[in-house]
Amino acid sequence: MERLFAGALFAYEDQEEEPSELRGIIAYSGSGKLFVAGDDGTIKAADVRQQLLSGTWAQGGPASGGKLAQPAVRTITTSPPLELTAAHFCLNRSGTYAAVAGCALEDPEISRIVVVDLTNCRPAPALFAGGGGSSGAAPASPAGRHDICEAVVLDSELFGSRPGLRVLQVAWHPDSDAHLAVLTSDNTWRLYNTQHADLAEQTFELQLHSRRGLGLGASSSDGSGRAVAAFAFGPPEQWQRFSVYFLTADGSLWSLCPVVPFGCRYPGSAVEQLAAVGDAEVSPNDEAWLQRAFSQLSTPQHLDFAPGMVQSVPHALDEHVPALAGPLRVVSAGQPPGEQASQLVQMAGGSDAAQALLLTRYAEGCSVLAAATARGLVGLHLVAGAASPSWHEAAPQCICEGVEIRAVRSQVGASPAAAGGEQAQQLLLLDIVDLSLPPESGAAATSAGDPEDAEFGGGAAAAPASMLLAQDAVAPELLYSVHSSGAHAITLSWLPLLAGLLAEDGRLPAALPRPGAELLLRSSKGLVAAAPVGDALSGSALVVLEADGRPQCLRPQHAAAAEGGGAAAATAGPGPAAAGGGQAAAAQKDKESQLATIYGDLRKGPKTCTLPTAAAGKPAGAGNPEGQRLLTEAAAALRASHVEFAHQAHQDLLERIRQLQGELDKQRRRADAAEQVAALAEQASSALDAQAARVLQFQENLGERLRLLAELHWSLPRPPSQAEQRFAAEQLPAFEAAAAALEEDARALRARFAALQRKLRSVGEAAAGAAGGPVAVPPHQLRRVREALAEQEALIAANHQRLAVLEQAVAGAGAR
């Protein structure tokens with residue numbers, strides 16, 4: 001994979017003493033292509049599914065896999081050129097647009113965001129050697145192709161006029177392929193429509209800081225002094241579909257609801273459910289927002305859009321804007337009611353800073369928010385309760401074109417989260433994973449700076465990111481935590497169990513299995529970028545790029561770790577025996593944890609029973625009162641301990657048998673359903689095979705018909721051309737007349753020759769009769785006769801030749 005990552009990093013070889021900065025320059029699309037935004041101003045892409053399927057890349061071997069050919073690399077140059085050092089790179093859900101953000105090459109203090117249309121491209125010229133702002137870029141490899149794609153620069157006027165304004169995170173909206181969300185260091189969240197790149201469609205100024213008085217520090221009880229570090233979109237459920245979660249540097253979580261991109265389509269039933277949640281719970285602002293934000297689609301002309309769809313339209317309320325609800329209430333198991341759990345930064349002693357936020361959804365009603373700090377603490381929160389809109393009394397600023405709203409700018413104030421009630425949204429802190437990072441890994445981002453300075457265009461509140469959270473491409477219960485010194489895989493082993501329990505009765509178990517954290521790579525060079533790749537067929541993995549430009553493909557329990565200063569990673573992963581042993585140990589640990597949760601009371605056994613003893617000197621036989629007393633007391637003691645335990649165990653086991661029987665019935669129904677699906681798939685496959693056979697037969701029939709038609713076409717008489725018609729009308733009669741004249745001359749010559757022969761014979765006979773003997777003809781007379789005969793013969797031969805030529809010409813003209 002050297003060609004794919006060639007030119008991705010510049011000027012890192014001479015900076016070994018400085019820690020590497022974590023950058024998002026790698027992205028993976030659902031079509032199996034891995035994209036890399038390089039420092040040379042180009043974007044390279046290659047289909048890596050064969051490499052993932054072979055497994056050699058993930059085992060630390062060469063990407064080619066021996067006989068496996070390396071994939072063709074597509075080099076993309078943008079028009080206009082990127083002209084930036086990429087720090088953020090992401091693809092939309094369909095893989096048609098790519099967003100690249102970073103510092104401009106001309107002035108590193110100015111941020112630049114470029115959106116590339118990957119479908120609107122043209123082949124680059126053969127001698128094209130431009131690199132989108134880098135004069136030293138090499139031309140595309142002959143093994144791939146080089147394209148020039150159209151691009152657009154987002155809001156160049158805003159970023160060009162505010163040096164120091166940093167881009168902290170970019171992400172495509174999950175409900176739209178054309179809307180890009182951008183979080184900047186001035187605590188502002190913008191939503192751009194790439195079709196109108198000159199202005200943000202919606203702007204939300206998150207007012208989490210207050211003006212300082214003279215000599216007075218700002219209070220943090222209402223969110224003042226907090227810097228927003230990351231954001232994540234809510235799951236597609238009720239109001240959470242229109243929610244955005246924010247993480248501040250102090251570890252607190254906030255929610256902004258409702259937010260919807262302009263021009264998105266949603267099922268009308270989903271919007272109607274929001275209005276029918278309960279008349280008492282829907283505020284007038286909620287109703288007004290639903291009425292203004294959505295309009296019914298009338299008779300869609302495209303078959304892709306079914307009836308009953310609604311479309312979001314440009315909207316704004318008159319005197320209210322969405323409010324930032326929070327900090328969201330965080331509770332943990334076992335704490336007294338009404339109290340909140342400590343935040344991640346407080347658990348680290350206050351010297352840490354939160355940097356990454358990720359929402360993973362396993363099933364409906366089961367979503368987990370993962371927040372990570374720079375020093376390696378990962379908090380796992382279950383999103384509980386229902387989200388609801390929050391409003392702040394302020395008039396939005398609208399930019400209109402005629403009577404239609406084009407852009408909306410809102411100053412979003414902080415609103416306390418709804419307290420109390422089972423329906424109020426809150427976060428249940430299930431686990432905290434400590435990755436035990438080395439001190440130098442999180443030292444670069446332990447201070448969030450002063451958000452007051454960021455308000456006036458600076459980026460002092462934004463430190464370089466040293467932590468990244470990513471979800472596995474296949475398994476939602478597998479998360480990747482990437483930091484500058486290595487990468488970890490976090491397995492949420494309790495997530496499938498939790499989803500099943502919440503779907504059945506909505507209750508949490510008393511104990512859950514602990515999540516597993518596995519070290520995938522410890523790099524002495526430092527990591528620069530990472531991205532999860534793969535699918536259900538080829539498997540999933542994590543691709544990382546080290547500071548020396550060397551990529552690696554990591555898989556849990558199959559990754560090679562780079563040990564020691566400067567030593568390269570091992571060329572092969574752990575052996576099958578070690579991997580099998582680790583898997584067996586993990587499975588055994590999980591089984592023991594589940595047995596302790598379900599059968600813990602049974603495994604403890606009955607409580608200790610002390611049997612009575614006979615008094616000294618008294619007989620303890622069954623026939624005397626003392627023995628009967630001892631027997632009665634022993635029976636009572638056993639009844640209170642062992643018999644009661646056996647009875648309870650019997651009841652518990654019967655209940656467990658009923659549960660297992662119910663689970664067995666469910667599994668049988670699932671197996672039957674799977675068999676039905678498999679049978680339907682086989683029937684569909686057979687039908688497709690029959691259709692394919694008919695198509696092949698039809699194709700052969702068409703081929704035979706085309707062959708017969710071609711033969712008939714070439715066998716048909718061809719009409720004479722204009723030249724042939726003109727020859728037959730003009731020149732052929734002249735040739736025929738000349739041939740007739742030559743024939744007449746030939747006949748005349750033959751008649752004259754015959755007459756001369758007769759005359760000579762008659763003269764000879766007369767001379768012989770008169771002399772009565774042979775007569776000698778004088779030689780001079782014979783010479784003249786011979787010359788005359790020779791001339792006649794030559795003339796006859798010439799006439800014969802001319803007659804043959806004319807006959808050939810007449811025959812050729814007749815054939816035409």
Side-chain angles (χ1 to χ4, degrees), residues 3-12 15 20-29 33-46 73-92 95 97-118 130-138 147-156 159-160 165-172 180-185 192 194 197 459 462 464-466 468 470 482 484 526-531 533 543-549 551:
R3 293 197 305 269
L4 179 60
F5 292 91
L9 300 177
F10 283 171
Y12 275 91
Q15 298 180 2
S20 59
E21 178 184 351
L22 198 60
R23 302 160 56 194
I25 61 174
I26 307 177
Y28 184 78
S29 67
K33 292 183 176 58
L34 183 64
F35 290 79
V36 180
D39 288 346
D40 58 355
T42 63
I43 300 175
K44 293 183 174 64
V73 177
R74 176 192 179 192
T75 304
I76 299 173
T77 305
T78 63
S79 176
L82 295 179
E83 294 182 348
L84 55 82
T85 301
H88 306 278
F89 180 55
C90 60
L91 302 171
N92 62 353
Y97 287 98
V100 188
C103 300
L105 295 179
E106 184 178 356
D107 187 358
E109 292 296 323
I110 295 179
S111 297
R112 182 179 172 90
I113 305 176
V114 180
V115 176
V116 184
D117 187 355
L118 300 178
S134 177
S135 59
D147 295 336
I148 300 178
C149 294
E150 297 297 327
V152 62
V153 181
L154 288 186
D155 215 341
S156 58
F159 291 102
L165 182 63
R166 295 298 182 189
V167 176
L168 302 183
Q169 184 181 351
V170 295
W172 292 94
L180 181 69
V182 179
L183 176 65
T184 53
S185 57
Y192 288 92
T194 56
S466 61
L468 171 67
V482 183
S484 57
L527 297 185
V528 178
V533 299
V543 174
V544 299
L545 181 63
E546 295 188 86
D548 57 356

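In what follows, every heavy atom counts, from backbone to side chain, and hydrogens, waters and symmetry copies are set aside. Remember, it's a predicted structure, so these values are computed and weren't measured experimentally.
A pairwise comparison of heavy atoms in Ile43 and Phe35 identifies CG2-CD2, 4.1 Å as the closest pair. The shortest heavy-atom contact between Asp39 and Thr85 is OD1-CG2, 4.0 Å.
When side chains are defined from C-beta on, Arg112 does not count as touching Ser156, because their heavy atoms never get closer than 4.5 Å. For the pair Leu180 and Ile113, the minimum side-chain heavy-atom distance is below 4.5 Å. A heavy-atom distance below 4.5 Å is not found between the side chains of Tyr28 and Val543.
Scanning for side-chain hydrogen bond (donor to acceptor under 3.5 Å, both in side chains) contacts around Tyr97 gives Gln195, with sequence neighbours left out. Applying the side-chain hydrogen bond (donor to acceptor under 3.5 Å, both in side chains) test to Asp147 and every residue at least two apart in sequence or in another chain returns Arg74, Arg145. Applying the side-chain contact (heavy atoms from CB on, under 4.5 Å) criterion to Ala181, with sequence neighbours excluded, gives Trp189, Leu191, Phe231, Phe233. The side-chain hydrogen bond (donor to acceptor under 3.5 Å, both in side chains) test applied to Ser111 returns no partner, not counting sequence neighbours. In this structure, the side-chain hydrogen bond (donor to acceptor under 3.5 Å, both in side chains) partners of Asp117, at least two apart in sequence or on a different chain, are Thr119. For Ala27, the side-chain contact (heavy atoms from CB on, under 4.5 Å) criterion is met by Phe89, Leu91, not counting sequence neighbours. With sequence neighbours left out, Ala86 forms a side-chain contact (heavy atoms from CB on, under 4.5 Å) with Arg23, Ile25, Ala37, Leu84, Val100. Judged as a side-chain contact (heavy atoms from CB on, under 4.5 Å), and not counting sequence neighbours, the contacts of Val36 are Leu4, Phe5, Ala8.
Without hydrogens or angle criteria, Lys44 side chain to Gly38 main chain gives no donor-acceptor distance under 3.5 Å.
The CD1 atom of Ile110 sits 10.0 Å away from the CZ atom of Arg166 when rounded to the nearest 0.5 Å.
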